[in-house]
Chemist: 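Before we start, here is the structure in question, set down as structure tokens.
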Amino acid sequence: MINSLSTANLIRYVVAYVFITSGAMKLVSSELANVFINLGLPYPHILLNVTAFLEIICGILILLNRSVKNAVIPLIGIMIAAIILTKLPVINSGILPFAFSARLDFVMLVFLYILYKKTPA
């Protein structure tokens, strides 16, 4: 008998993949770290590390299907901050460039919302 993956599991795996790799890249890529550091946030090096570790830890929890509801919450905050800090400034170029630039961020927000709503308490 062939086991099929449920939609919720596929979403979990995709979200976990995105955040684990994103967090890891923040720690190993000086180019990505510099982009983050140059956002103008207070204590940028500390926030970079906190954000990277949150992405990795929450991504692993989601991957393992452990505390998914709790793991999704900080990731939603990270995605909202990412949109505000890196995508919203593009809106000055027009709504279409903004929509294009933020498309994957909004997809991740929707996936995070689905995981939050579909995960039992």
Side-chain angles (χ1 to χ4, degrees):
M1 180 176 179
I2 297 174
N3 292 330
S4 65
L5 291 173
S6 71
T7 303
N9 282 337
L10 284 174
I11 291 172
R12 268 191 325 100
Y13 299 146
V14 168
V15 168
Y17 167 77
V18 167
F19 283 103
I20 292 168
T21 57
S22 176
M25 285 301 293
K26 282 179 179 70
L27 296 175
V28 300
S29 168
S30 58
E31 182 181 331
L32 188 57
N34 285 331
V35 169
F36 188 96
I37 289 166
N38 290 320
L39 290 174
L41 297 168
Y43 308 104
H45 291 86
I46 294 171
L47 281 176
L48 170 66
N49 288 321
V50 167
T51 301
F53 284 113
L54 272 174
E55 288 178 349
I56 293 167
I57 292 166
C58 291
I60 290 170
L61 287 171
I62 290 168
L63 178 66
L64 300 175
N65 204 18
R66 302 285 184 249
S67 300
V68 172
K69 199 175 230 25
N70 292 327
V72 163
I73 294 169
L75 297 178
I76 289 172
I78 288 170
M79 291 310 303
I80 291 170
I83 291 168
I84 291 169
L85 293 170
T86 65
K87 305 307 190 279
L88 202 52
V90 177
I91 206 160
N92 294 331
S93 302
I95 192 70
L96 192 55
F98 166 75
F100 180 77
S101 176
R103 70 195 183 282
L104 298 177
D105 299 69
F106 286 120
V107 169
M108 290 310 300
L109 267 178
V110 168
F111 281 171
L112 289 168
Y113 175 77
I114 289 168
L115 288 177
Y116 184 82
K117 293 303 276 182
K118 295 294 182 184
T119 303

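Sequential numbering from 1 along the given sequence is applied to the chain's residues.
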Chemist: Minimum heavy-atom separation for Asp105 to Ala82, with atom names?
Modeler: OD2-CB, 4.0 Å
Chemist: Grouping I, L, V, M, F, W and Y whenever their side-chain heavy atoms are under 4.5 Å apart, do Val110 and Val15 come out in a common cluster?
Modeler: yes
Chemist: How close do Leu48 and Lys26 get, heavy atom to heavy atom, and via which atoms?
Modeler: CD1-CB, 3.8 Å
Chemist: When hydrophobic residues are tied together by side-chain contacts of less than 4.5 Å, even through go-betweens, does Val107 share a cluster with Leu112?
Modeler: yes
Chemist: Using the rule side-chain contact (heavy atoms from CB on, under 4.5 Å), only one of Val18, Ile11, Leu10 pairs with Phe111; which is it?
Modeler: Ile11
Chemist: To the nearest 0.5 Å, tell me how far Ile20 CD1 sits from Ile57 CD1.
Modeler: 11.0 Å
Chemist: So, do Val35 and Thr86 sit near enough that their side-chain heavy atoms are less than 4.5 Å apart?
Modeler: no
Chemist: Taking all heavy atoms of Gly59 and all of Ala16, pick out the closest pair and write down the distance.
Modeler: O-CB, 3.3 Å
Chemist: Is any side-chain heavy atom of Phe19 closer than 4.5 Å to a side-chain heavy atom of Ile62?
Modeler: no
Chemist: Compare all side-chain heavy atoms of Ile37 with those of Leu47 and state whether any distance is below 4.5 angstrom.
Modeler: no
Chemist: What are the two closest heavy atoms between Arg12 and Val68, and how far apart are they?
Modeler: CD-CG2, 4.3 Å
Chemist: Within a reach of under 6.0 Å around OH of Tyr116, are more than 12 heavy atoms found that belong to other residues, nucleotides or ligands?
Modeler: no
Chemist: Taking it one step at a time, do Asn70 and Leu61 satisfy side chain to side chain contact (heavy atoms under 4.5 Å, CB included)?
Modeler: CA-CA 9 Å; Asn70 292 327; Leu61 287 171; over 6 Å; no
Chemist: Taking C-beta and beyond as the side chain, do Leu109 and Phe106 meet within less than 4.5 Å on heavy atoms?
Modeler: yes
Chemist: Using 0.5 Å steps for rounding, measure from the NZ atom of Lys87 to the CE atom of Met79.
Modeler: 7.0 Å
Chemist: Check the hydrophobic clustering (I, L, V, M, F, W, Y; side-chain heavy atoms under 4.5 Å; chains of links allowed) and say if Tyr113 and Leu115 are grouped together.
Modeler: no
Chemist: Is there a chain of hydrophobic side chains (I, L, V, M, F, W, Y, each step under 4.5 Å between heavy atoms) that links Ile73 to Ile56?
Modeler: no
Chemist: Identify the two heavy atoms, one from Ala52 and one from Gly23, that lie closest to each other, and give their separation to 0.1 Å.
Modeler: CB-O, 3.4 Å
Chemist: Which heavy atom in Ser22 sits nearest to a heavy atom in Glu55, and how many Å separate them?
Modeler: OG-OE1, 3.1 Å
Chemist: So, using side chain to side chain contact (heavy atoms under 4.5 Å, CB included) as the criterion, who are the partners of Tyr13 when residues are at least two apart?
Modeler: Leu5, Asn9, Leu63
Chemist: Between atom CD1 of Ile83 and atom CE of Met108, what is the distance when rounded to the nearest 0.5 Å?
Modeler: 11.0 Å
Chemist: Please examine the side chains of Leu85 and Leu41, heavy atoms only from C-beta on, and report whether any two atoms are closer than 4.5 Å.
Modeler: yes
Chemist: Cluster question for you: counting only ILVMFWY and a side-chain heavy-atom cut-off of under 4.5 Å, with indirect links fine, are Tyr17 and Leu64 together?
Modeler: no
